[in-house]
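Worksheet: one structure, shown below.
Just so you know, these numbers come straight off a predicted model, no measurement behind them.
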Protein chains: 2
Amino acid sequence: MTDETQFRPQARAPRGFADKRAAVLRAERRIVEAVSGVYEAWGFEALDTGAFEYADALGKFLPDADRPNEGVFALQDDDEQWMALRYDLTAPLARFAAENWETLPKPYRRYAFGPVWRNEKPGPGRFRQFIQCDADTVGSARPEADAEIIAMAAAGLEAAGLTRGQAVMKINNRKLLNGLLTTAGVESNGQKLAVLRAVDKLDRLGTDGVRLLLGEGRKDESGAFTKGAGLNAKAAESVLAFLKAGAETRGGTLSALSNVIGGSAEGDEGLEELARIDAALKGLGVADDQALFDPSIVRGLEYYTGAVFEADLLIETLDEAGKPMRFGSVGGGGRYDDLVARFTGQPVPATGFSFGVSRLAAALRAAGRAEADAVRGPVVVIAFDQAHMAEYFSVTRELRAAGIAAEVYLGSSGMKAQMKYADRRLAPAAIMLGGDEIAAGTVTIKDLDLGRELSSQIADNAAWKAERPGQQTIPRAGLVAAIRAIVGDKA
Amino acid sequence: MTDETQFRPQARAPRGFADKRAAVLRAERRIVEAVSGVYEAWGFEALDTGAFEYADALGKFLPDADRPNEGVFALQDDDEQWMALRYDLTAPLARFAAENWETLPKPYRRYAFGPVWRNEKPGPGRFRQFIQCDADTVGSARPEADAEIIAMAAAGLEAAGLTRGQAVMKINNRKLLNGLLTTAGVESNGQKLAVLRAVDKLDRLGTDGVRLLLGEGRKDESGAFTKGAGLNAKAAESVLAFLKAGAETRGGTLSALSNVIGGSAEGDEGLEELARIDAALKGLGVADDQALFDPSIVRGLEYYTGAVFEADLLIETLDEAGKPMRFGSVGGGGRYDDLVARFTGQPVPATGFSFGVSRLAAALRAAGRAEADAVRGPVVVIAFDQAHMAEYFSVTRELRAAGIAAEVYLGSSGMKAQMKYADRRLAPAAIMLGGDEIAAGTVTIKDLDLGRELSSQIADNAAWKAERPGQQTIPRAGLVAAIRAIVGDKA
């Protein structure tokens, strides 16, 4: 083949796509497995859809667009229809639910995990493929369905390894601010969206910055002017009072909110929904420090129709400059009652939660959970002599039967390189079975961790060689027990 | 949102892409988990690459092709480079190994599973996305590396649920036939390929058909003529003798082959490799009924350079017409010493095995393993009264804490529809907690399987209603124990 091909391609992955090796995969798989277990225990069933959806089903594009490739990876099928790789797991769920609505048990509760793709500019830590994990209830308008998703998300994060107090679910309801704005005389959707955008910047700009953006607008340090939502002062102050209504307990926030909102039918509806979410969370044993009401939570701009929530990490990590920083949100969700209706024309209420698996894995690393995901290599049987290969294989067979990962070195290098290989694989032990050992019915075992540790204490190289730290020669019949004693310490 | 969107897309998945629900996913995940466990125990480490590779790295296309979309899903990145979704897991491995060769522990042993994509015409049972599971050793020229892959594949299939005798690994070596042809005076690569193509049809055309294709050619029933490889009669007979050299044991086949081959350096090399594979398989405890030598195995036409092997299922299943048929191959592999060299220019020997997860799942269903993958729903708590929702949630919380999947019905339908929902979810039991029960401190439990069974025995509908089969009212404190007794039977 080599001689037939003049052209030699460069070996490189496309920009924004990561190769993941064992340690990263172990961490991500452990998360997915733990969270899937929780979701199944809560009665959610698995679903997996294909990587492609028709572009029109993704909802971002008109079907006659010339090349609908903005933000997604799209291509034209041989029947001329545009398909795109899914950019989240919600759009495929909406398509699936609409396609199978008649035959699904209702409400339809599903969880899903898998890669999603975004055709965006890649950068450090910004990938064009990443794994999401979602759970949604389709076909229930009950606030209890939101509460259940919130409680389950909290249980999932705990199962993934976050301990109580490291994360909190923050809950809000779109109807509150909408109702408040209606009462304040704001009617246009554009103005309401501008208010949401202003509120979304509370973290970054603080109360004074948001006040400017709620009013005429704000000039930043560079002198650039952002036009505001154009609220009058009274309306702006009532929005700011609303944002500050969060209290330590869910009940406290509900009381504070009822003073601030009130009056509009939509606001009252939002309050009633939050009260029912609170009651259901109590039934589910979710305490105030696990899930609280926070009127400043926005979660994107359009799309959601009622309750919104996000999972915030309270643990601190270090930013690139080494300064402590909050990790922030690892996932979010809310109620979206219109997505399935795009297909069917009939309203189908739905609510769900989604988190990024890689981001949660990074959060767990920051929380000190990396240890659990260290990947140990197998026990390595050193290959001295072609004539004894069958014997080496027989040793690995014995070890595997005892539940111990093992391999024979299969390269062509000498003893020294083989020990180095075992070391690089983080093998717990190496097994040496030379002609002398075979003749004597013995086997030599080197505890590689112990060897590393002891050799670091012995300054004199000659002494180290003489002592052979961590090395023992024992009868062949005692092999499995001896290896088990070594590996057992390191499990 | 609904009123803003005039256009209503049709809810349908793109052609050739399947939605997979819980039972299918459970079967596939169980296979992947079991096989991954085996591969890790054998010292192989996980790797996951992104969905896209640069088209030139996939090896099928020249970099200046106008639109390299044949057989793969390809698109042009914003820097004009063509990317394509991976069509197997070997090409990305070759790219990864070449890219990281300097820093990898060598030999590099990796396993991988995940979707691959083929842009082919979809049809019944023919999908454009499916899951493959691969294991490869890169950087070892030893026949023992082939043997290990073969033994591990056999162990993987067994771990996935195939019992001894349901599958066999069939092994061959490209060098045997090549050597034989060289001895017979066949020099051109084209003629050798034509011979391979003829041999590949042995199953379908039998010895006489292959004899014609080895010689001048063959006219089929329709009268269409296929040009043959153009061997003389003596050479054709030696090929046919080679194909029939398979015996019951690996040793027997080796003896038979050494009579048929012999003489050419390449043939002798192939024989020597098979002998070493046999010795290693013995060391690994792989019996003759688990892995045999079969000179008629071809495995595709180009690509492989030495040993080739496939996993054949021996179990019978029924074809679409209801006639018994062999299931055939579920996976295959072999030695490919040139793939990494495409990038590096340096030869890097490699060998591996790949199987289709969905195909193996289908095989396991045919072998009667479907039962294990039946998906039971959660225990369903009937929702009678909004006022008691917190109490219902509290029940699910108790059950989950006891390891029992449970949910509260969250739709808006009445009692009868709720029972039907529980039935459709294959719930083991329904829990009824009405006002009477709550006042009396009791709970009513219905064993849904028992109810179904008993009701089928009671012909009289009125009697059935009076007897309420499988239904019991017990003190609330006994709930978890009672449900555990019901669920325990069905685990």
Side-chain angles (χ1 to χ4, degrees), chain A residues 1-2 5 8-9 11-14 17 19-22 25 40-43 45-52 54 56-57 73 75 83 95-96 98-99 105-107 129 140 142 144-145 279-280 282-285 338 341-343 345 378 389-390 393-394 397 400 405 407 410-411 421 424-425, chain B residues 1-2 5 8-9 11-14 17 19-22 25 40-43 45-52 54 56-57 73 75 83 95-96 98-99 105-107 129 140 142 144-145 279-280 282-285 338 341-343 345 378 389-390 393-394 397 400 405 407 410-411 421 424-425:
Chain A
M1 211 163 170
T2 320
T5 316
R8 187 171 298 159
R12 77 283 184 225
F17 293 88
D19 296 323
K20 294 179 184 174
R21 293 189 59 188
L25 290 172
E40 292 194 359
W42 288 61
E45 76 167 62
L47 173 71
D48 189 31
T49 58
F52 283 104
Y54 283 122
D56 61 12
F73 292 102
L75 49 80
M83 312 194 299
R95 188 270 304 158
F96 172 84
E99 189 175 350
K106 284 173 275 289
Q129 171 178 337
S140 175
R142 286 183 189 260
E144 289 79 14
K282 283 205 183 92
L284 287 161
D338 298 327
R342 274 191 73 241
F343 297 99
M389 287 299 275
F393 279 121
S394 171
R397 187 183 160 203
R400 285 177 205 135
E407 69 175 53
L410 287 180
Y421 168 85
R424 295 195 56 197
R425 291 291 309 272
Chain B
M1 212 163 170
T2 321
T5 316
R8 186 170 299 159
R12 78 283 184 225
F17 293 88
D19 296 322
K20 293 179 184 173
R21 293 188 59 188
L25 289 173
E40 292 194 358
W42 288 60
E45 78 166 61
L47 174 71
D48 190 32
T49 58
F52 282 104
Y54 284 122
D56 61 12
F73 292 103
L75 49 80
M83 311 194 300
R95 188 269 306 157
F96 172 84
E99 190 174 350
K106 285 172 273 288
Q129 171 178 337
S140 175
R142 288 183 188 258
E144 288 79 16
K282 283 203 184 94
L284 287 161
D338 297 329
R342 273 191 74 241
F343 297 99
M389 286 302 274
F393 279 121
S394 170
R397 188 183 159 202
R400 285 177 205 133
E407 69 174 54
L410 286 180
Y421 169 84
R424 294 193 58 198
R425 291 292 309 273

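For B:E40, the side chain to side chain contact (heavy atoms under 4.5 Å, CB included) partners at least two apart in sequence or on another chain are A:R26, B:Y111. Not counting sequence neighbours, the partners of B:A280 by the side chain to side chain contact (heavy atoms under 4.5 Å, CB included) test are A:F393, B:E144, B:A147.
Of the listed residues A:F17, A:F52, A:F96, the one with more heavy-atom pairs under 4.5 angstrom with chain B than any other is A:F52. Ranked by non-hydrogen atom pairs under 4.5 Å with chain A, the options B:A390, B:P107, B:S140, B:P378 are led by B:P107. With chain B as partner, the option from A:G50, A:A11, A:G285, A:A405 having the largest number of non-hydrogen pairs under 4.5 angstrom is A:A11. For the options A:A145, A:A279, A:P105, A:S394, heavy-atom pairs under 4.5 Å to chain B are most numerous at A:P105. The choice from A:R142, A:K106, A:E45 that makes the most heavy-atom pairs within less than 4.5 Å of chain B is A:R142.
Contact annotation for B:A51: both backbone and side-chain heavy atoms come within less than 4.5 Å of a heavy atom of chain A. Of the atoms belonging to A:R21, heavy atoms from both backbone and side chain fall under 4.5 Å from chain B. Within the 4.5 angstrom heavy-atom criterion, atoms from both the backbone and the side chain of A:R95 approach chain B. For A:L47, the parts sitting under 4.5 Å from any heavy atom of chain B are the backbone and the side chain alike.
The backbone N or O of A:E99 sits nowhere less than 3.5 Å from a side-chain atom of B:R12 that would complete a donor-acceptor pair.
Nearest heavy atom pair, residue B:L284 against residue A:R400, reads CD2-NH1, 3.7 Å. In this structure, B:P14 and A:M83 approach most closely via the heavy-atom pair CB-SD, 3.6 Å. In terms of heavy-atom proximity, A:R8 sits nearest to B:R342 at CG-O, 2.9 Å. Across A:P9 and B:F343, no two heavy atoms sit closer than the pair O-CD2, 3.4 Å.
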